[in-house]
Amino acid sequence: MHKPKASNNQWWRGGVIYQIYPRSFKDSNGDGIGDLPGITSRLEHVARLGADAVWLSPFFKSPQKDFGYDISDYRDVDPMYGTLDDFRALVQRAHALNLKVVIDQVLSHCSDQHPWFVESRSSRDNLKADWFVWADAKHDGTPPNNWLSVFGGSAWQWDTRRCQYYLHNFLTSQPDLNFHNPKVQEALLDTVRFWLELGVDGYRLDAINFCFHDAQLRDNPGRGMPTVEDATAPSMNPYSWQVHRYDKSQPEALGFLRRLRELVDQYHDTTMVGEIGDEAGLAMVADYTRGSDRLHMAYCFDLLGAAHDAPYLHDLIERFQRIAGDGWACWAISNHDCMRVATRWGGANPSSAQLRAAAALLLSLRGSVCIYQGEELGLPEADIAFEDLQDPYGKTMWPEFKGRDGCRTPMPWSDQGADLGFGSGHVKPWLPLAEPHRPLAAERQWQQPGSLLNHYSRLLHWRRGQGALVKGDMQLLPRHAQVLAHVREHHGQRVLCAFNLSNASATLALPAGMAIEDVLHDSGADGARLDNGTLHFAPWGVMFARLG
């Protein structure tokens, strides 16, 4: 039965979401793999940090070929993570701590072990025969077109049962669902409803722009090896050599997003954040979040690459401001798919000041924020030997691209013990522990007033009281070689946010007529001072100031 639209307090608008990668957060039963009870036992860390919500990467039943992003049962917990009752307990504990629970949902594809696909591949005339994207071979036996998989090779896999190819944008064990079939949409909406009924507060939608493909299966145009970094795939991956005009990001997706929004809006105070992997990521974030009948917010990969200097970020923000309209971004500088920001932006020896500046910058942007587990500790990328590698993407693209395991190693809770407080200490974790993470362990940093963790916590709690930073409009100051500066404004409160994004001292003359009333030292930001209308910055210096 159709429910009426529920109320929504918009907690997510400007909210801070803490991403948890379940396999690596906390192991409660000593099997070397993190689990739901482990997460529940450590939720107080997230609440103390000052986040508004947790986002859980997939914990559903899965063969784990892509570590949960290959779902074989959308309505159950994989036994390695626990049970549905464990999930209910997690939600209850999170809500008691005033944390919302956002779960990852993979709608564009599932596991080849999902009963839907098992039935679909069994013949060409079964009830689910067209629930996936099947196509005949060309006359010479080759795939129907030139589409490529993100993880390497053709996006088409031959199936001897049907003597046809099926589409997989990722692993061959992750067949793409056919969203042109209304029954597929209905079945997926039912799975979304299942978890809403269990009390989740929202969804992070994996690869949401991959849901629809071009029904005519037209070839993608080529563009050659990229000369500049492509945020969607490294340049040694041929996937980045195509313009992905037909295999994803189709206009029909907006119709499905409206159906999804209508469903989610039937539950109080819920939200959706979409992941968009596309060359035109910023424009699609704007498009997918425009109005009130699509996604609430979305993110792309523009801050998840190596570029991070002031001119790059100025141009990026200016471009999004120009096209966003009433769209809403969710900004992140780290997640489970990219090198940790401490190493990606800071190199082999990231400075504490740079990491503090990155945190302050992220929390000053207009939009919502995602923080990936361990980012608040300043964890560097772990160095994983090939023989310890688990990520199939890394195994395929080695050695130029080492995959995603370096950002997925177990969370260091304690600087004591063999496994840094992750598990029992008696079983080797699923990924090696990173010894350089030991001095950065959470329990140790909480005890150090000057630690990056306490800096993050101070920033987050301070920001909650700054309406301009949570919900305000944003005006960029002119482009500068070293300094990114902007003004956030809400209900008469105006806050200047200025960041020296370089390892050299810098100065910034304030625009004529701009007067600083008070430097907001309670933010914890430092390294900048005002002198006769000019801001003077130490390397990586930051200033938040109230304007008159």
**Request:** Under the side-chain contact (heavy atoms from CB on, under 4.5 Å) rule, collect the residues that match up with D473, sequence neighbours excluded.
**Result:** R366
**Asked** Can you tell me how far CG of L49 sits from OG of S457, rounded to the nearest 0.5 angstrom?
**Response** 5.5 Å
**Message:** If you compare all heavy atoms of Y81 against all heavy atoms of P22, which two are closest, and at what distance to 0.1 Å?
**Reply:** CE2-CB, 4.1 Å
**Fill in**
Applied to residues 33-56, the ring-ring contact (aromatic ring centres under 6.0 Å, His included) test, sequence neighbours excluded, yields H45-W413, H45-W446
**Message:** Against W331, only a single residue in F301, Y299, F320 fulfils ring-ring contact (aromatic ring centres under 6.0 Å, His included); can you say which?
**Reply:** F320
**Asked** When you look at CG of D383, are more than 12 heavy atoms from neighbouring residues, nucleotides or ligands closer to it than 6.0 Å?
**Response** no
**Prompt:** What pairs with H308 under ring pair (Phe, Tyr, Trp, His ring centres under 6.0 Å), at least two apart in sequence or on another chain?
**Reply:** W345
**Request:** Could you name each residue pair satisfying salt bridge (Lys or Arg N to Asp or Glu O under 4.0 Å) that touches residues 33-50, not counting sequence neighbours?
**Result:** R42-E443, E44-R93
**Request:** Would you please indicate yes or no on a ring centroid separation below 6.0 angstrom for Y69 and H336?
**Result:** yes
**Request:** May I ask you to decide whether D415 forms a salt bridge with R438, counting only side-chain N to carboxylate O separations under 4.0 Å?
**Result:** no
**Request:** With sequence neighbours left out, write down each residue that passes ring pair (Phe, Tyr, Trp, His ring centres under 6.0 Å) with Y312, or none if nothing qualifies.
**Result:** none
**Message:** Centre-to-centre under 6.0 Å for W195 and F59, is that the case here?
**Reply:** yes
**Item:** Inter- and intrachain pairs under salt bridge (Lys or Arg N to Asp or Glu O under 4.0 Å), touching residues 320-348, at least two apart
**Value:** D337-R404, D337-R408
**Request:** Write out all pairs satisfying salt bridge (Lys or Arg N to Asp or Glu O under 4.0 Å) with one or both partners inside residues 14-30, taking only residues at least two apart or from two chains.
**Result:** none
**Item:** K428, NZ atom: more than 12 neighbouring heavy atoms under 6.0 Å
**Value:** no
**Asked** Please, which pairs that meet ring-ring contact (aromatic ring centres under 6.0 Å, His included) have at least one residue in residues 352-371, sequence neighbours excluded?
**Response** none
**Message:** Does K395 qualify as a cation-pi partner of W398, given the criterion of NZ or CZ under 6.0 Å from the six-membered ring centre and within 45 degrees of its axis?
**Reply:** no
**Asked** More than 12 foreign heavy atoms under 6.0 Å from CD of Q475: is that the case here?
**Response** no
**D287: partners by side-chain contact (heavy atoms from CB on, under 4.5 Å), with sequence neighbours left out** = L254, R290, R294
**Complete:** Residues pairing under salt bridge (Lys or Arg N to Asp or Glu O under 4.0 Å) where one sits in residues 457-468, two or more places apart or in two chains, turn out to be D52-R464
**Message:** Using ring centroids (six-membered ring only for Trp), state whether Y372 and Y18 fall under 6.0 Å.
**Reply:** no
Under 3.5 Å donor-acceptor pairs involving side-chain atoms of residues 534-548, not counting sequence neighbours:
| from | atom 1 | to | atom 2 | distance (Å) |
| --- | --- | --- | --- | --- |
| R546 | NH2 | D518 | OD2 | 3.0 |

**Message:** Whether D206 and R204 form a salt bridge (side-chain N of Lys/Arg under 4.0 Å from carboxylate O of Asp/Glu) is what I want to check.
**Reply:** yes
Side-chain donor-acceptor pairs of residues 503-513 under 3.5 Å, sequence neighbours excluded:
none

